[in-house]
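Below, all heavy atoms of this structure are taken into account, side chains as well, without hydrogens, waters or symmetry copies. Labels below follow one simple rule: chain letters A, B, ... track the order of the sequence lines, proteins then strands, and each chain is numbered from 1.
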Amino acid sequence: MAAAYRSHVCGALRAADIGSRVKLSGWVQNWRDHGGVVFIDLRDRYGLTQVVFNPETAPEAHAGAHAIRSEFVLQVEGEVVARPAGTVNANMATGEIEVLVDRVKVLNKARTTPFMIDDISEIGENVRLQYRYLDLRRQPMQEAIIARHRVTKIVRDYLDDNAFLEIETPMLTKSTPEGARDYLVPSRTNPGSFFALPQSPQLFKQLLMVAGFDRYFQIVKCFRDEDLRADRQPEFTQIDMEFSFVERDDIITLVEGMIAAIFKEIKGFDSDLPFPRISYTEAIEKYGLDAPDIRFALPLVDLCGVFAGSEFKVFRSVLDSQGIIKGLNLKGGARLSRKEIDDLLAVVQIYGAKGLAWIKVNADGWQSPIVKFFAETEVAALGREMAAEVGDLLLFVADKAEITNESLGRLRLHLGEKMGLIDAAQISFCWVVDFPMFAWDEQEKRHVAIHHPFTAPLDEDLDKLQSEPLAVKAKAYDLVLNGVELGGGSIRIHDADTQAKVFQLLNIADEEAREKFGFLLDALSFGAPPHGGIAFGLDRMMMLLLGRQSIREVIAFPKTQKATCLLSGAPNTVSARQLRDLAIKKA
RNA sequence: GGGGGCGUAGUUAAGUUGGUUAUAACGCCGGCCUGUCACGCCGGAGGCCGCGAGUUCGAGUCUCGUCGCUCCCGCCA
């Protein structure tokens with residue numbers, strides 16, 4: 001790091017350097033002016049060093065020191081000395097030494113910053129985002145951005161070691177049906193036509209396989225014009241990979257090694273390989289969600305059998321209209337107050353459940369508003385199925401299958417959190433496999449792809465494509481960490497015939513398929529190798545690695561929830577001239 | 001599109017059933033201070049209480065609207 005401006009960085013000097021003459025450059029973290037001696041903590045991204053201005057040893061340097069303020073940029077020169085006995089600071093890596101300054105240069109002054117550059121002040125996010133370049137000076141942000149670099153470096157090294165090529169794909173590309181809303185870019189040279197920013201490099205990476213590149217990866221920006229969340233930004237980064245001549249297990253094995261390397265390097269965590277695999281069906285049955293948090297039990301219990309002959313109106317009508325009844329047994333939950341149970345009702349209502357039935361298993365019997373509607377045999381079967389013991393709280397949802405599963409799945413997570421069932425330090429990966437190919441979209445009255453339209457069906461389900469599309473399973477897999485989807489992928493369709501069939505099922509007309517995806521169908525017809533791949537959300541992975549509450553904490557320049565940039569003011573209006581060039585009229 | 005939370009000095013917050021001059025801490029400015037490291041001591045400046053209406057003798061406080069930030073539902077192949 002030695003250069004004109006510095007001989008060392010601010011985190012480097014140790015007792016072994018005592019006696020050396022050094023030059024440091026950095027920002028003023030803090031200054032303590034004693035009238036006589038002046039102390040300044042000089043900061044750069046590597047650390048802090050205390051530099052001392054002493055009027056007796058260096059009167060000229062000391063004379064200017066009184067005017068130095070926070071966040072000034074200084075260059076200092078002097079000798080590394082041992083701190084006097086009793087003044088060593090054990091909290092600082094450089095706490096054994098200080099630099100006795102004899103020459104100082106103010107490289108730049110700084111206005112008073114809108115907030116202090118420390119890691120204790122909790123500043124409102126809007127202020128942080130407006131002055132992001134100052135926020136990024138703070139320790140937690142420096143940590144996050146540096147860790148992010150280390151992760152991408154690990155990924156590049158690991159994939160390079162495994163013969164992957166990093167290949168760029170276009171940012172100005174084609175809008176395609178299905179999926180998220182596109183960000184569009186008008187074409188000046190083709191008035192009235194638009195590029196779309198990629199939602200992912202999906203089609204291009206498949207074309208790279210057709211081209212014979214065999215193993216591709218890219219750390220790449222993707223764009224989706226949908227509403228934001230704590231873990232969703234309109235532009236985000238994927239670790240995107242595609243392989244030829246592989247089956248699912250090849251991909252899973254290679255990727256597990258990569259994930260294990262990342263978590264080892266960043267968190268010192270030794271992964272237990274291979275990661276457990278759960279079928280989609282099991283995930284939904286037991287956890288209610290396709291991204292199960294397996295750090296704690298509290299499984300969903302199917303009670304359709306128990307209540308098959310129920311006279312209880314609510315349960316009867318749900319079962320008669322193809323709905324399901326499931327429950328949770330919260331051990332020790334009987335002590336929850338009526339208000340606390342009402343709060344649980346509010347949780348399931350968010351996800352569309354109309355009610356939440358409950359039973360407190362007390363020593364003197366079952367306390368519940370509904371148990372009087374149950375037959376004795378049902379009560380017995382229920383107690384057995386749910387392994388009810390004194391002190392338990394049994395909770396039920398009866399609704400359409402999707403609503404029952406999702407609302408109880410979310411309630412399970414809520415209870416896991418609230419009741420302290422989750423060990424926050426635990427890291428539990430699992431693969432979710434054997435997803436269905438399609439779901440029925442009630443609003444659009446057509447099938448939609450669960451993963452994406454290029455995902456291959458399981459070989460044994462090929463013949464069901466036409467007859468029973470909803471029963472067809474896909475060669476798709478998601479990697480889930482502590483209930484959060486880290487990434488997902490699939491083996492792709494590599495022949496044009498099957499691909500055309502899938503488009504048909506998705507109700508994409510031949511003509512439209514030709515127009516939108518013709519180039520892919522063409523490519524598949526020229527000897528496409530069997531191939532598949534996976535993509536990971538880098539931002540989300542960083543958020544989990546660093547334990548941050550929001551994806552914005554691991555992105556240097558994130559957008560607000562309304563997808564604006566408080567720092568630059570984007571998006572903004574443009575000149576009439578620019579619009580004219582693009583043949584765009586204001587609405 | 002819908003539901004919840006927040007908005008008061010530069011920053012973080014307090015502000016009672018509506019009632020005198022809107023508080024505090026940190027930061028900032030000035031002075032003092034030779035071993036501090038969240039330095040200390042003394043003094044000072046700093047406010048469109050997000051914005052706009054309304055209710056009222058009187059609004060930081062109540063009502064409505066609006067803007068911004070945020071969490072969630074929908075949406076996100």
Check this for me: does the side-chain of [X] come within 3.5 Å of the base of [N] through a donor and an acceptor?
X      : N     : value
A:D227 : B:G74 : yes
A:E98  : B:G35 : yes
A:R229 : B:G74 : yes
A:Q50  : B:U36 : yes
A:R128 : B:C69 : no
A:R224 : B:C76 : no

Report yes if a side-chain nitrogen or oxygen of [X] is closer than 4.0 Å to either non-bridging phosphate oxygen (OP1 or OP2) of [N]; otherwise report no.
X      : N     : answer
A:T560 : B:C69 : yes
A:R32  : B:U36 : no
A:K562 : B:G68 : yes
A:R83  : B:C37 : no
A:R232 : B:C71 : no

Categorize [X] for me: base, sugar-phosphate, or nothing, with a 4.0 angstrom heavy-atom threshold over every strand shown.
X      : value
A:D118 : nothing
A:G86  : nothing
A:R552 : sugar-phosphate
A:F454 : nothing
A:T455 : nothing
A:Q199 : nothing
A:P84  : base
A:L506 : nothing

Worksheet item: With a 4.5 Å heavy-atom cut-off, do A:Q50 and A:T94 have their side chains touching?
Response: no

Using both distances under 3.5 Å as the test, list the Watson-Crick or G-U wobble partner of [N], or none.
N     : answer
B:U36 : none
B:A45 : none
B:G60 : none
B:C26 : B:G10
B:G65 : B:C51

Practice prompt. Could you tell me which residues satisfy side chain to side chain donor-acceptor pair (under 3.5 Å) with A:T173, sequence neighbours excluded, listed by chain and number?
Written response: none

Discussion item. Once side chain to side chain donor-acceptor pair (under 3.5 Å) is applied, do any residues pair with A:K109, and if so which ones, sequence neighbours excluded?
Written reply: none

Worksheet entry | Short N-O contact, A:R138 and A:D135, less than 4.0 angstrom | yes

Worksheet item: Salt bridge or not for A:D41 and A:R32, using N-O below 4.0 Å?
Response: yes

Using the [atom1] atom as the reference point in each nucleotide, state the distance between [N] and [M] in Å, no decimals.
N     : M     : atom1 : result
B:G46 : B:G5  : C1'   : 30 Å
B:A25 : B:C42 : P     : 11 Å
B:G68 : B:G50 : C1'   : 8 Å
B:G15 : B:U34 : C1'   : 43 Å
B:U36 : B:C49 : P     : 44 Å
B:A59 : B:C76 : C1'   : 44 Å
B:G44 : B:U23 : P     : 14 Å
B:C67 : B:G52 : P     : 15 Å

Worksheet item: Could you give all pairs that pass the salt bridge (Lys or Arg N to Asp or Glu O under 4.0 Å) test and reach residues 532-544 of chain A, with sequence neighbours left out?
Response: A:R148-A:D539, A:D231-A:R540

Worksheet item: Do side-chain atoms of A:R446 reach the backbone of A:L506 as a donor and acceptor pair under 3.5 angstrom?
Response: yes

Worksheet item: Counting only heavy atoms not in A:W27, do more than 12 sit closer than 6.0 Å to its CH2 atom?
Response: no

Item to complete: Please lay out, stage by stage, how A:Q218 and A:T169 fare under the test side-chain hydrogen bond (donor to acceptor under 3.5 Å, both in side chains).
Response: CA-CA 9 Å; A:Q218 192 179 183; A:T169 51; 3.0 Å; yes

Side chain of [X] only, heavy atoms from C-beta on: which candidate in [options] is closest?
X      : options             : value
A:A180 : B:C76, B:G10, B:A38 : B:C76
A:V37  : B:U34, B:C75, B:U11 : B:U34
A:N126 : B:C33, B:C73, B:C69 : B:C69

Worksheet item: Where each residue is assigned the nucleotide of RNA chain B containing its nearest heavy atom, which of A:S121 and A:S200 is assigned the position nearer the 5′ end?
Response: A:S121

Practice prompt. Tell me which residues in residues 488-499 of chain A put a heavy atom below 4.0 Å from RNA chain B, sorted by number, or none.
Written response: none

Practice prompt. Could you check whether A:H34 and the base of B:C39 form a stacked pair, meaning centres closer than 5.5 Å and planes differing by less than 30°?
Written response: yes

Worksheet item: Stacking check: are the rings of A:F39 and B:U36 less than 5.5 Å apart at their centres and under 30 degrees in tilt?
Response: yes

When you compare the protein's N or O atoms with those of nucleotides 3-5 of chain B, which come within less than 3.5 Å of each other, and at what distance?
none

Discussion item. Quick test of your reading: applying ring-ring contact (aromatic ring centres under 6.0 Å, His included), list the pairs with at least one residue in residues 66-88 of chain A, sequence neighbours left out, ordered by first then second residue.
Written reply: A:H62-A:H66

Item to complete: Show the numbers, then the answer: is there a side-chain contact (heavy atoms from CB on, under 4.5 Å) between A:R248 and A:K475?
Response: CA-CA 7 Å; A:R248 185 186 73 184; A:K475 291 182 179 175; 5.8 Å; no

Worksheet, complete the sentence: note: A:E125, atom CD; B:G7, atom C1'; distance rounded to Å ~ 15 Å

Can you list everything that forms a salt bridge (Lys or Arg N to Asp or Glu O under 4.0 Å) with [X]? Sequence neighbours excluded, please.
X      : result
A:E125 : A:R552
A:R224 : none
A:D461 : A:K464

Item to complete: Kindly state each residue pair satisfying side-chain hydrogen bond (donor to acceptor under 3.5 Å, both in side chains) with at least one member in residues 490-500 of chain A, sequence neighbours excluded.
Response: A:E242-A:R492, A:H452-A:R492, A:T455-A:S490, A:S490-A:R492, A:D495-A:T498

Discussion item. Can you pull out every side-chain hydrogen bond (donor to acceptor under 3.5 Å, both in side chains) where at least one residue sits in residues 510-519 of chain A? Sequence neighbours excluded, please.
Written reply: A:R514-A:D522

Could you list all N or O pairs between the protein and nucleotides 25-31 of chain B that sit under 3.5 Å apart?
residue, atom, partner, partner atom, Å
B:C29, OP1, A:R69, NE, 3.4

